[in-house]
2 protein chains.
Amino acid sequence: MSFKEYFRIWSQCSKEEQDMIESSLILRKVKKQTLIHQGDLDCTGLLVIKSGQLRAYSLSEEGKEITLYRLFECDVCLFSASCMMKSIQFELTIEAEKETEFWVIPFDTADYLMKKSVVFANYINEIMSSRFSEVMWLMEQIMWKSLDKRLAAFLVEESLLEETETLKITHEKIANHLGSQREVISRMLKYFQEEGLVQLSRGSIELLDYERLEELSE
Amino acid sequence: MSFKEYFRIWSQCSKEEQDMIESSLILRKVKKQTLIHQGDLDCTGLLVIKSGQLRAYSLSEEGKEITLYRLFECDVCLFSASCMMKSIQFELTIEAEKETEFWVIPFDTADYLMKKSVVFANYINEIMSSRFSEVMWLMEQIMWKSLDKRLAAFLVEESLLEETETLKITHEKIANHLGSQREVISRMLKYFQEEGLVQLSRGSIELLDYERLEELSE
């Protein structure tokens, strides 16, 4: 599959726009844990993901983290081009959670197209609406949903992503995803174990009752 | 002052677009506490605020609230036209906090212009970026900032908005703004009183030490 199949609005672009994108396009491959974007330090451009997985998260001054959303194949990473949008007044960090391959539409090209093409501008708009929705969902979770539900939802999602019921992940890392503390997560996981939902062992968490975890997360 | 002075991109619109906006424009005045938008029940259009104050908030299934942001003179209310953007997957409620006068750019006009005009599409984009930034700021506050700081920030902001140091507001209402509970807010206010920051009396809160409240909120 080529870029055209990954970029949803390709057929709506004019020949001239297509040529412009194609000639500026850069294909990159990064290792797991590579930092793709941090704060407003860089402005690479739009990233169109070919394979792999990116994680966008917010980082507190004290170094605490919370995962905002994840990006997969065919998703477009917008905030690596956040300087295109002057009204974006927040910073987030984007890292590769797996080995990831993506195309870069460089900043200059993306910025030019956004100001010139109504199709492109509306596409950016749509991507921003999606990310905004994901963050709103997360905020509602944090505000209105208790940690047990969020932890259950995280374990279920992680199991689907990794295609296994035995997760190799530390309590510290889960805490970072959920914006919580290691001790709090460990206590809750122990409670889950007592309930027969999971089996804990050094460095891994086995999901014993996927269905009940899914129910709990709803 | 006329609409042109309130609508920042007026001079960038073509004559045809200006005529279209002008002929569809509706001026409305609503009383304090009027619900302007709720969930996805309506799709009025874009609102351009002439005077007054709107509040956008999120509502939990149990009826708990948290204020997301406020809109003032010259601000544009986007989510009263959220059906324009199919990727918006969340619901919020917008109410008038004061008597408010605004122009409505009806949905049909706004939707047509967004799909046709790159200036208009980029403007919508910019407004969305601003709102997104406000929500991210709030989320960071909730995640990383303790309630005392948030409460101090709220009192300072409220005092500036109302142009008084004696706030007529219930603890219940503050709890709704901050997504907290009345008991929690009352306890914290009592602590503020002990610290000499405020003076509590039935139905009002007097700010005794504005400067220290401001310091605390930073």
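Every chain is numbered from 1 and lettered A, B, ... according to where its sequence line falls, protein lines coming before strand lines. Computed from a predicted structure; not experimentally measured.
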Legend entry - Euclidean distance, B:F90 CZ relative to A:S129 OG, rounded to 0.5 Å: 8.0 Å
Within a reach of under 6.0 Å around [atom1] of [X], are more than 12 heavy atoms found that belong to other residues, nucleotides or ligands?
X: B:Y210; atom1: OH; answer: yes
X: A:E211; atom1: CD; answer: no
X: A:F72; atom1: CZ; answer: yes
X: A:E5; atom1: CD; answer: yes

Inset, instruction - Tell me, out of A:K116, A:M85, A:M114, who's got the most heavy-atom pairs with chain B below 4.5 Å. - result: A:M114
Inset, instruction - For chain B, find which of A:S130, A:S58, A:S60 contributes the most heavy-atom pairs closer than 4.5 angstrom. - result: A:S60
Legend entry - pair B:N125-A:M128: side-chain heavy atoms closer than 4.5 Å: yes
Inset, instruction - Sort by residue number and list every member of residues 131-140 of chain A having a non-hydrogen atom under 4.5 Å from chain B. - result: A:R131, A:F132, A:S133, A:V135, A:M136, A:L138, A:M139, A:E140
Inset, instruction - Could you look at B:I124 and say if it's the side chain, the backbone, both or neither that has a heavy atom under 4.5 Å from chain A? - result: both
Inset, instruction - Answer with side chain, backbone, both or neither: which region of B:L113 has an atom nearer than 4.5 Å to a non-hydrogen atom of chain A? - result: neither
Interface moiety of [X] toward chain B, non-hydrogen atoms closer than 4.5 Å:
X: A:K86; value: neither
X: A:L78; value: neither
X: A:L68; value: side chain
X: A:S180; value: neither
X: A:I66; value: both

